[in-house]
Structures are given as C-alpha cells and as structure tokens.
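Only one structure is covered here, and it is reproduced in the block below.
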Number of protein chains: 2
Amino acid sequence: MTGIRRDSVRNRARLVEAAREVFAARGFEATLDDVARHAGLGTGTAYRHFPNKQALAAEVLTGATEQIAIDARAALEIDDPWLGLVDFFQRNAERQARDRGLYEALTGLGDDEAQARIWPGIITAVSELFDRAHAAGVLRPDAAAQDIPAIFAMLGPAFEMSRTIAPDLWRRYLTLMLDGLRATGRPDLPAPPPPVESLPLILRAGKRT
Amino acid sequence: MTGIRRDSVRNRARLVEAAREVFAARGFEATLDDVARHAGLGTGTAYRHFPNKQALAAEVLTGATEQIAIDARAALEIDDPWLGLVDFFQRNAERQARDRGLYEALTGLGDDEAQARIWPGIITAVSELFDRAHAAGVLRPDAAAQDIPAIFAMLGPAFEMSRTIAPDLWRRYLTLMLDGLRATGRPDLPAPPPPVESLPLILRAGKRT
DNA sequence: ACGAAACGGAGAAGCAATCTCCGCATCTTT
DNA sequence: AAAGATGCGGAGATTGCTTCTCCGTTTCGT
C-alpha cells in the first residue's frame, strides 16, 4: 500500500495559490488552463484536483467572502456612526478593487449559490450600520440598506478604471457616492429603493446571458 | 436593364428598424441573425444589405450619438447652472437607460472609432456646463469634466437594474451621484480626477478582452 | 527496484457566432 | 404573360473558443 504523494499535495496548493492570483487579476473569465499554466503545471493536473473551474473558484473564495460580514461587524465597533459606514465601504471596496474575481462573485458574474449564501449576511450586518447612522441623523433618511448592493455594483466600473489608470481612482468615486448618501439638506431621492425581494436581481443585472 | 426592386429597399428599412429595437433591448451581443429574425427576414438578406454587425450598428447609432452634444448645448440655455447640469445628465441617462446599445457604444463595449468620434465633442460641450457651475459655486470645486465618462460608466449597472426591477430606478442612483457632486461643504475628493489623456481608457475599462 | 500514483499536454468534443452559397421566389421590363 | 435579372432564405461550412479526457511518461513511496 502506498501513502499520499507529497508532490500531489504541493501541486494542489500551488493550484489554489495560482488561482487566487489569476482570478484576482483577470476575473473568472480565465480558464482552468490559464491557472494551471500560471502554476507551472499541466492542464490534466488541474482537472485531476478540481472537477471544474467552479470548484476551484469556490475554494479560493471561501474566506474572502466571510470576511465581508466580519468587516461589517467590525465597523459597528467604531463609535462615530458615519465613520463606521465609511469604514465598511472602504474596506470592502478596497478588496474588490484588488480582486476582480471577488467583485464578480459578489455581483452577478460569478456563480449563483455563492451570492445567495453571502448577501443575506451582509445585508443584515449592514442594516445595523444604516439604522445607527439614520438614528444619528448623519445618513439621508431616504437611503436604505437595499441600496448597498446597488452601490457596489456601480463601483465595478470604477474598479476597472482603477486597474488601468490609477490604483486609487475608485476612492474618488466611492467618496462621491458616500457624499451623496450624507444627510445634509438635499432633495429626496426619486424612485423608492429596490424591494428586498429583488436583491438577487440587482446583483444579476449586467450579467450577460 | 432593370430598376431597383422595391422589396429590397423595404427590407433594408425593416432591418434597420429591427436592429434599433434589438440592440436597444439586448445590446450588441445580439447577432445579425437575431436582428434578421426579428425583422422577419432570413440571415442571408441581412448579410447582403450589411457586410457585418458593425456596419448595421453604425447606421443605427448615427443620430443617437449626435443628439448628445446637442443636449449638452441645450443644457447651456437653462439659466440655473446647477439645473443645467442636472438636465444634461438626466436627458442622456434616460436615453441610455432605454437603449442598451447606446450605453455600450458610449462606454467601452461597442466599437472604438465611434467612441473616439463622439466623446471629445461631449467633453467640450459639458466642460462649459462645469465651468459655469463652478463659477456659480454650486459644483464641488474638485469635480472635473473628466469625471463625466466615469459617472456614465458607473450608471451602467443602474440601467441594468432598471430594466429588470423598476424602469425609474436609475434616477435614484443618478441623483445620489449628483448630490455627491454638489458644493455643500464636504471633504475633498481623494485621488485626482483621471487625466484627460486617459479618457479612452476610462471608457474601455470593463471591456472584456 | 518495483508498483502505484500523479503528471503533462495534445487533441477530442462541444458550443456559439459569423458568414457563404445556391436553388427558389419575386420583382421589373417589354 | 414571359423572360431575365435581382433578391431571398436558411441550412450548414467555417472559425474561434473553452472545457475536459486520455494515456504514454515521469516521479514518488516502500
């Protein structure tokens, strides 16, 4: 009887690491072949360790996604309700700006179950941030927690620009939107926020069929 | 010698009309076959009248794109500098919300020459709107004309949501961003606006290679 | 040194879009 | 009304991917 081969274990780890880098840089459009090559391994090896791209992606994203809800809770520790909100958005935007795969997983382009699993937790956690800010009167009264996925979706193009133009450019546009969210005597927002049931649709919007 | 056949002329017109509808609804991902079928014609007919999809798209977009610069000039007729700016954004967003093909043509996903042809005119026209608003002190001082394409790019996801959730939803997020642009004692924007030379890159960002 | 396990990468298989081809239908002209 | 020219239709050839398999060769563990 033979034991577990050391090279096999090492190659699996290399694949995961390569996938992390490749998906972050190019999103899920990258092929498993791309990942394998980047890991210095053959295609066959990639397919022996993972049945398909989704499986590998799932492995890579676990943790990255949990982090989001953790961040939301951390933001609640910050005393100033406004700064807490800003902190949440900045932390998460920062990650997504660096990781295209993460952005795609959170908004529509990745796989569906992942989204369904992740967002409810985020919304719940962030709703508290919103409630607190509303109570303190620092957030415009007509802003709602349902606006969060929409805001992240809109940041997507800003992340892309950041990649090609200047790494920090997204901060400019996030600030613009956050300033729009502030409560300082401006007109009411037109149109109600999207209904909660349509959250999945918000995220799917833009997904090319 | 034979004259021009009437059915041929009519079919060409039908194709253009069908293309207008199909591209508006589904963007340029639609195939020429799709357009032909929607026109009630065969694929071959489509390819006889237009060498390829781009040619048809060009025909459909002429006019729609000129309209934008016209709108910008019209907005200058409005006395209130702020309202003029809002008017410009709203008119254009409205068109793009209804016409996915137009949005794609203006931002990165369409064909490149079209963009190069259109944007300079827009920027020039809108720069005046910005200058006027800056002079009146109604626009945050650190906002620049280069931010316009970026803002439109970010509205893209909002347009998609509007299509699937509520037709007016984009107004909510446009207002959010415009409110962020307003001059009412808020912190400076981080990161400078993208340099003018990088405008094409801004629009290309998000274009999948 | 031997057998089991894993590797590599060419290429099979599948898929989707673009575009061609030619027998058939429809027009215009006389 | 007949004839020739022109346009139509849509099946399928072509092209360009990506996904995934297969098996001769290499590397590992005992």
Side-chain angles (χ1 to χ4, degrees), chain A residues 1-19 21-23 25-60 100-101 104-105 109-112 114 207-209, chain B residues 1-19 21-23 25-60 100-101 104-105 108-112 207-209:
Chain A
M1 201 166 321
T2 332
I4 297 158
R5 284 177 57 157
R6 215 183 281 104
D7 57 345
S8 170
V9 177
R10 189 199 44 185
N11 285 340
R12 187 180 203 281
R14 282 192 184 161
L15 280 168
V16 174
E17 180 53 24
E21 294 173 13
V22 171
F23 289 152
R26 319 217 332 258
F28 294 125
E29 77 174 357
T31 68
L32 247 202
D33 293 46
D34 290 331
V35 173
R37 195 128 326 144
H38 191 253
L41 299 170
T43 323
T45 307
Y47 279 94
R48 192 156 340 86
H49 285 288
F50 302 92
N52 52 44
K53 193 160 67 171
Q54 287 72 18
L56 180 50
E59 177 117 0
V60 164
R100 192 189 229 166
E104 290 179 359
L109 299 106
D111 106 36
D112 286 349
K207 187 173 204 162
R208 297 263 123 180
T209 47
Chain B
M1 205 174 302
T2 332
I4 297 157
R5 284 178 56 158
R6 216 181 279 105
D7 58 344
S8 170
V9 176
R10 191 200 43 189
N11 284 341
R12 188 181 203 282
R14 281 193 187 162
L15 280 168
V16 173
E17 180 51 26
E21 294 172 15
V22 171
F23 288 152
R26 319 219 330 260
F28 294 126
E29 76 172 359
T31 69
L32 249 202
D33 294 44
D34 289 331
V35 173
R37 197 132 321 145
H38 190 255
L41 299 170
T43 322
T45 308
Y47 278 94
R48 194 159 336 88
H49 285 288
F50 302 92
N52 52 45
K53 193 161 65 171
Q54 287 72 19
L56 181 50
E59 177 118 358
V60 164
R100 192 188 230 167
E104 290 179 358
L109 299 107
D111 107 35
D112 287 348
K207 186 173 206 163
R208 296 263 125 180
T209 46

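Sequence lines set the chain letters: A, B, ... in the order given, protein chains first and strands last, and positions in each chain run from 1.
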Q | Below 4.0 Å: OP1/OP2 of dA6(C) and any side-chain N or O of H49(A) | A | no
Q) Rounding to a whole Å, what distance do you find between R5(A):CZ and dG29(D):C1'? A) 8 Å
**Q.** Nearest-Å distance for atom pair CZ/C1', residues R10(B) and dT26(C)
**A.** 10 Å
Q. Separation of R6(B) atom CZ from dC27(C) atom P, in whole Å?
A. 9 Å
Q.
I want to verify a distance call: between dC8(D), dT18(C), dT21(D), whose nearest atom is closest to the Y47(B) side chain?
A. dT18(C)
Q.
For dA5(C) and S8(A) - does any side-chain N or O of the residue sit under 4.0 Å from the phosphate oxygens OP1/OP2?
A. no
Q) For DNA chain C, whose closest nucleotide is more 5', that of R48(B) or that of P51(B)? A) P51(B)
Q | Euclidean distance, atom CG of residue L41(B) to atom C1' of dC8(D) [Å, nearest integer] | A | 9 Å
Q. So, is N11(A) near the phosphate of dA6(C), with a side-chain N or O under 4.0 Å from OP1 or OP2?
A. no
Q. So which heavy atom on V60(B) is nearest to which on V16(B), and how close?
A. CG2-O, 3.9 Å
Q: Can you tell me the distance, in whole Å, between the CD atom of E29(B) and the P atom of dA16(C)?
A: 13 Å
Q.
To check you understand the geometry: which heavy-atom pair defines the closest contact between F50(B) and R12(B), and what is its length?
A. CE2-NH2, 3.5 Å
Q) How close or far is atom P of dT30(D) from atom CG of D7(A), stated in whole angstroms? A) 13 Å
Q | Separation of dG8(C) C1' from R14(A) CZ (nearest whole Å) | A | 14 Å
**Q.** Closest nucleotide among dT19(D), dC7(C), dA11(D) to the D33(A) side chain
**A.** dT19(D)
Q. Which nucleotide sits closest to the side chain of T43(B): dT27(D), dA10(C), dC19(C)?
A. dC19(C)
Q. Nearest to the side chain of N52(A) - dA6(C), dC20(D), dT18(C)?
A. dC20(D)
Q. Rounded to whole angstroms, how far apart are NZ on K53(B) and P on dA17(C)?
A. 9 Å
Q. Are a donor atom and an acceptor atom from the side chains of N11(B) and S8(B) found within less than 3.5 Å of each other?
A. no
Q: Output all residues satisfying salt bridge (charged side-chain N to carboxylate O under 4.0 Å, His left out) with D33(A), sequence neighbours left out; order by chain, then residue number.
A: none
Q.
Closest approach to the side chain of T45(B), judged atom by atom: which nucleotide of dC8(D), dG8(C), dA17(C) is it?
A. dC8(D)
Q) Can you check side chain to side chain contact (heavy atoms under 4.5 Å, CB included) on H49(B) and E59(B), steps first, answer last? A) CA-CA 12 Å; H49(B) 285 288; E59(B) 177 118 358; over 6 Å; no
